[in-house]
Amino acid sequence: MTKTLHHRACHLCEAICGLSIETTAIEGEPVRITSIKGDADDTFSRGHICPKAVALQDIQNDPDRLRQPMQRVGNEWHPIDWEDAFKWVAERLSDIQQRHGKNAVAVYQGNPSVHNYGLMTHSNYFLGLLKTRNRYSATSVDQLPQHLTSYLMYGHGLLLPIPDVDHTDFMLILGGNPLASNGSIMTVPDVEKRLKAIQARGGKLVVVDPRRSETAAIADQHLFIRPGGDAALLLGLLNTLFREGLTRDPGLPVAGLEQVREAVAPFTAQAMSALCGIAAPQIEQLARDFAAADKAVCYGRMGVSTQAFGTLCHWLVQMINLLSGNLDRVGGALCTEPAVDLVASTSGGHFNLWQSRVSGLPEYGGELPVAALAEEMLSEGEGQIRALITVAGNPVLSTPNGRRLEQALDGLEFMVSVDLYINETTRYADLILPSTSALETDHYDTTFNMLAVRNVSRFNRAILAKPTGALHDWEIFVGLAQAFARHNALDLKPALPPAQLIDMGLRRGRYGEGAAFGLCVETLHEFPHGIDLGPLQPNLAARLKTADGRIQAAPQVILDDLKRFTAQQLPQEGELLLIGRRHVRSNNSWMHNYHRLVKGKPRHQLLMNPDDLARHGLDDGQRVRVSSRVGVIEVEVQASSDMMPGVVSLPHGWGHARPGVRLEIAQGQPGASANDLTDERHFDAVSGNAALNGVPVRVVAA
Ligand SMILES: Nc1nc2c(c(=O)[nH]1)N[C@H]1C(S)=C(S)[C@@H](COP(=O)(O)OP(=O)(O)OC[C@H]3O[C@@H](n4cnc5c(=O)[nH]c(N)nc54)[C@H](O)[C@@H]3O)O[C@H]1N2
Ligand SMILES: Nc1nc2c(c(=O)[nH]1)N[C@H]1C(S)=C(S)[C@@H](COP(=O)(O)OP(=O)(O)OC[C@H]3O[C@@H](n4cnc5c(=O)[nH]c(N)nc54)[C@H](O)[C@@H]3O)O[C@H]1N2
Ligand code: SF4
Ligand SMILES: [Mo]
């Protein structure tokens, strides 16, 4: 018997915690994982671990996880050879594109794509050959407004200022719950300790959320906000900074500040109060507190991205940091200097170069908003989508009006999914191509090193051997590309393995050949606990990618949106608004098939304020019917005085009781899908990002 201790970063969420994983090899038996712990020697995560990482062994061992390509014939799934599978995909997609045009094939890339470097480096090797404008991803049910704001203001969609949590004195969080999510667009392992450290050094944490979230519970101040009311609050804050002379010289090259001052002049705290449900004096006091702090940072995330004024919100977050003198400043918001820098190596992006066929939603960075996906499949005519490729995603549970998407999937001519499971979406596929598991592959975090609160880097080797006949995600895309190129007589450049591409990126990067750390894959092997490359530093002025080298404070599309903001209806009396939530033992639409995570009390209920329950004549624990414009679900309701009156909360990613989904454990606690209620017509008009929060619903006894 041999025991081996491996060190590796967890890829399951954005916190990229260092793990120590012990494997045990006994002759004649497969190598087993015998322990998973937080790695105390990881200087970044300092031993932090959450229950999801412990469940890595369950992903590895889950008998429901697919291990070979599966072809669906009616309701039956049959194994098929890789080569036959690739050839079939090439033939079917080529045929559909020949008959209906390139755009007849659509792509959805799901969230785990950004946690898997092989997908980051190689999915386009194949998907790019398709030359379709129907590209969709989880970005447009998530952080699209943040990319768009950075693109418009700083000239690059990935130049995202990150809160300098370790040095700030005042952190204002809107629509983020890092104690459950472990941080987002802010890679911050061990976030609870880091937030409490702000308080320990005399600073303040303020949380704005329609639910008294886990993060709000440890904050110095929590403000309930009407869902979707954040743009109003942020306008009131910015207006107060201007009116009371609380702005500071940003010390950065900026164009358009006068325009901003004029544009926000009508939006006084007084005028904004009814829209956000926060009293004007509280808005004004918050602005003063923020301005009074030596180092302060305003941070908005998921909850403010996925609402009707998502882009306006994120622009306002940037403006508050800029005008309070906290942008590009230690203790404020800073851009990372990663070892592999996609800001340096890619162009800034593009926006609205084309629009979706049916609703005219804008493209960003070559992708269309996923709220338009179902209608692009269902609306007949030239350019209709006839085939779909999903990669590491489950849009039936993750995107608005999932039931309509299901209907659309059912009508496709062909669908192929690169995924580990038969899930609520991939059950419609004709073919599922499953990759190796995470522990069977090497990994470099191309995404989250770029968003981390310190500059860090590490390379992870595979811990378990690649099973015979299995393929890594990147190899699946190489196989697909080769078959497609062969079928269409296209030239294909040879593909290098992801590790080699990263090695090149590291060598060319700012810590690479000839620089201080001399980073390449080989040198990183000497740092099994990761390498710390130092704290974030001011650098934005030098890295701006705008045409005139200045920050664009007043992008026209955003100022224009203030008209839509002004025209919005006041909330209706007595209306219930639906929001989402996350739990540390749950990960988007998957990982509900592991006993370690789903055990204990159920966590998928609808939370409702006790007064609202009473007003609706409902009892705690009762089954209720929740309906919206688009659909209806049944679920148990749970009384919670953490909920703002008039707001109900349902986590997304549940609803596993669809026929044919092979999730043994999840079927015991299927829950209901929040996205059977969310509305594909409810979106941020600037970016097309789905407004998953603030959906009007009715709740009655089931
Ligand atoms: N109502 C509501 N809806 C939401 C949200 C919300 O807050 N509220 N959140 C939104 C957000 S932020 C996001 S990011 C999306 C996420 O939604 P999706 O983009 O659909 O992502 P997941 O639900 O994580 O999809 C997981 C799938 O990827 C597969 N998978 C996991 N790892 C790998 C891998 O390494 N390779 C391959 N090939 N497959 C893999 C799993 O088997 C699973 O089937 O949901 C969004 N939807
Ligand atoms: N355990 C776990 N961790 C995760 C994930 C997971 O599914 N599980 N998913 C990962 C992914 S893909 C992402 S994008 C991140 C997201 O990470 P976060 O951005 O931290 O997202 P949430 O935890 O959903 O927190 C969003 C908060 O916004 C609040 N909210 C809802 N509507 C509004 C509103 O109108 N205004 C305001 N101010 N607040 C509102 C909700 O009540 C909730 O507390 O988490 C990642 N980490
Ligand atoms: S918080 Fe949990 S899931 Fe996220 S990286 Fe750390 S251990 Fe993994
Ligand atoms: Mo996300």
Side-chain angles (χ1 to χ4, degrees), residues 11-15 50-52 59 65-66 108-116 118-119 123 137-139 141-143 173-186 207-216 223-230 233 276 300-308 313 370 390-400 402 417-426 433-438 441 472-473 476 577-591 643-644 647 649-653 673-675 677-678 690-695:
H11 74 297
L12 289 169
C13 88
E14 302 183 31
C50 86
K52 290 185 293 304
I59 307 179
R65 179 165 64 82
L66 301 178
Y108 175 84
Q109 289 174 279
N111 170 274
S113 302
V114 294
H115 295 272
N116 176 322
L119 286 176
S123 51
S137 79
T139 294
V141 277
D142 191 351
Q143 79 288 2
I173 300 182
L174 304 100
N177 183 15
L179 259 59
S181 68
N182 283 293
S184 184
I185 318 249
M186 170 176 73
V207 173
V208 177
D209 198 303
R211 181 170 79 94
R212 188 169 183 270
S213 66
E214 292 76 1
T215 310
L223 294 168
F224 276 136
I225 187 163
R226 186 184 71 84
D230 298 83
L233 169 64
C276 60
R301 198 49 277 280
M302 177 67 203
V304 296
S305 293
T306 53
Q307 53 170 272
C313 284
V370 72
T390 70
V391 184
N394 192 359
V396 164
L397 293 194
S398 313
T399 68
S417 295
V418 181
D419 207 287
L420 306 172
Y421 284 95
I422 300 175
N423 67 27
E424 294 72 13
T425 304
T426 62
L433 306 174
S435 61
T436 48
S437 77
T441 69
H472 299 310
D473 277 294
I476 296 174
L577 296 176
L578 176 72
I579 62 168
R581 71 175 182 276
R582 284 175 162 74
H583 192 280
V584 75
R585 307 183 79 91
S586 173
N587 199 16
N588 292 325
S589 79
W590 70 302
M591 298 192 72
M643 292 308 301
M644 180 175 180
V647 184
S649 158
L650 188 73
H652 75 286
S673 176
N675 288 316
L677 296 171
T678 56
L692 304 167
N693 288 309
V695 180

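All ligand and atom numbering here is 1-based and tracks the order in the structure. Everything numeric in this text was worked out from a predicted model, so none of it was measured.
The shortest distance between side-chain heavy atoms of E14 and N182 does not fall below 4.5 Å. Contact check for R211 versus V647: no side-chain heavy atoms found under the 4.5 Å cut-off. Contact annotation: the side chain of V141 approaches that of P400 to within less than 4.5 Å [non-hydrogen atoms, C-beta and beyond]. The shortest distance between side-chain heavy atoms of H652 and N588 falls below 4.5 Å. Annotation: side chain of S649 is in contact with side chain of M643 (closest heavy-atom distance under 4.5 Å). Using a 4.5 Å heavy-atom threshold, the side chains of R582 and N587 count as separate.
Looking from atom 6 (C) of ligand 1 to the surrounding protein, the closest heavy atom is H652 ND1, 3.2 Å. Looking only at protein heavy atoms, the nearest one to atom 47 (N) of ligand 1 is S398 O, 2.7 Å. Looking only at heavy atoms of the protein, atom 33 (C) of ligand 1 is closest to L420 CD1, 3.7 Å. S586 O, 3.2 Å is the protein heavy atom nearest to atom 2 (C) of ligand 2. The protein heavy-atom contact nearest to atom 34 (C) of ligand 2 is D230 OD1, 3.4 Å. The protein atom (non-hydrogen) at minimum distance from atom 42 (O) of ligand 2 is D209 OD1, 2.7 Å. The shortest contact between atom 26 (C) of ligand 2 and any protein heavy atom is with G175 O, 3.4 Å. In this structure, atom 23 (O) of ligand 1 lies nearest to the protein heavy atom S589 OG, 2.6 Å. Closest to atom 1 (N) of ligand 1, if we only count protein heavy atoms, is N675 OD1, 2.9 Å. Looking at atom 21 (O) of ligand 2, its nearest protein heavy atom turns out to be M302 CB, 3.4 Å. The nearest protein atom to atom 32 (N) of ligand 1, hydrogens excluded, is given as P112 CB, 3.5 Å; this is a heavy-atom distance. Scanning the protein heavy atoms around atom 36 (N) of ligand 1, the nearest turns out to be D473 OD2, 3.0 Å. Summary of contacts: the protein heavy atom closest to atom 35 (O) of ligand 2 is G228 N, 2.8 Å. Among protein heavy atoms, the minimum distance from atom 43 (C) of ligand 1 is reached at D419 OD1, 3.6 Å. Regarding atom 30 (N) of ligand 2, its nearest protein heavy-atom neighbour is P210 CD, 3.7 Å.
When all heavy atoms of S137 and Y108 are compared, the pair lying nearest together is C-CE1, 3.5 Å. The nearest pair of heavy atoms linking I225 to C276 is CG1-O, 3.4 Å.
Annotation: the span from T390 atom OG1 to L433 atom CG amounts to 9.5 Å, rounded to 0.5 Å. Taken from OG in S184 to CG in N177, the straight-line distance is 11.5 Å, to the nearest 0.5 Å. Once rounded to the nearest 0.5 Å, the distance linking NE2 of H472 with OG of S437 reads 9.5 Å. For the atom pair OG (S435) and CG (D473), the distance works out to 3.5 Å, reported to the nearest 0.5 Å. One distance of note links OG of S673 with CD of E424; it measures 8.0 Å at 0.5 Å rounding. For the atom pair OG1 (T139) and CD (Q109), the distance works out to 9.0 Å, reported to the nearest 0.5 Å.
Set against the non-hydrogen atoms of N587, the atoms of ligand 2 under 4.0 Å away are 5 (C), 6 (C), 7 (O), 8 (N), 9 (N). Of all the atoms in ligand 2, the ones that sit under 4.0 Å from a non-hydrogen atom of V584 are 1 (N). Each of the following atoms of ligand 2 lies closer than 4.0 Å to a heavy atom of G580: 41 (C), 42 (O). In the vicinity of I225, heavy-atom distances shorter than 4.0 Å reach the ligand 2 atoms 36 (N), 37 (C), 38 (N). Close approach of ligand 1 to Y108 (heavy-atom distance below 4.0 Å) involves ligand atoms 18 (P), 19 (O), 20 (O). The ligand atoms of ligand 2 that sit less than 4.0 angstrom from a heavy atom of H583 are 1 (N), 2 (C), 8 (N). The atoms of ligand 2 that sit less than 4.0 Å from any heavy atom of R301 are 14 (S), 19 (O). When each atom of ligand 2 is checked for a heavy atom of I579 under 4.0 Å away, the hits are 31 (C), 32 (N), 42 (O).
The shortest N or O to N or O distance between V418 and ligand 1 is below 3.5 Å. Inclusion of P227 in the set of residues having an N or O under 3.5 Å from an N or O of ligand 2 is not warranted. Note: no N/O pair closer than 3.5 Å links T678 and ligand 1 by distance alone. The shortest N or O to N or O distance between T399 and ligand 1 is not below 3.5 Å. Distances between N or O atoms of N177 and those of ligand 2 include at least one value under 3.5 Å. Residue S181 has at least one N or O atom closer than 3.5 Å to an N or O atom of ligand 2.
With atom 14 (S) of ligand 2 as the reference point, the heavy atom nearest to it among D142, L174, L578, T215 is part of D142. When the heavy atoms of R581, M186, R211, R582 are ranked by distance to atom 11 (C) of ligand 2, first place goes to R582. Taking only non-hydrogen atoms, the option from N693, N588, N111, T306 nearest to atom 31 (C) of ligand 2 is N693.
Using a 4.0 angstrom heavy-atom cutoff, S435 counts as in contact with ligand 1. In this structure, N116 counts as a contact residue of ligand 1, since one of its heavy atoms falls inside 4.0 Å of the ligand.
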### Query
Hey, mind stepping through C313 and Q307 against side chain to side chain contact (heavy atoms under 4.5 Å, CB included) and telling me if it holds?
CA-CA 9 Å; C313 284; Q307 53 170 272; 3.7 Å; yes

### Task
Let me see the working for L12 and W590 under side chain to side chain contact (heavy atoms under 4.5 Å, CB included), right down to the final yes or no.
CA-CA 11 Å; L12 289 169; W590 70 302; 4.0 Å; yes

#### Entry: Full working for side chain to side chain contact (heavy atoms under 4.5 Å, CB included) between M591 and R585
CA-CA 9 Å; M591 298 192 72; R585 307 183 79 91; over 6 Å; no

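For H115 (side chain) and H11 (main-chain N/O), a donor-acceptor pair under 3.5 Å exists by modelled atom type.
At a heavy-atom cutoff of 4.0 Å, ligand 1 is contacted by both the backbone and the side chain of V141. Neither the backbone nor the side chain of T425 comes within contact range of ligand 1; no heavy atom lies under 4.0 Å. Only the backbone of A180 comes within 4.0 Å of ligand 2, counting heavy atoms alone; no side-chain atom from C-beta on gets that close. Only the side chain of Q307 comes within 4.0 Å of ligand 2, judged by heavy-atom distances.
Exactly one residue among N423, N394, T425 makes a side chain to side chain donor-acceptor pair (under 3.5 Å) with S589. That residue is N394.
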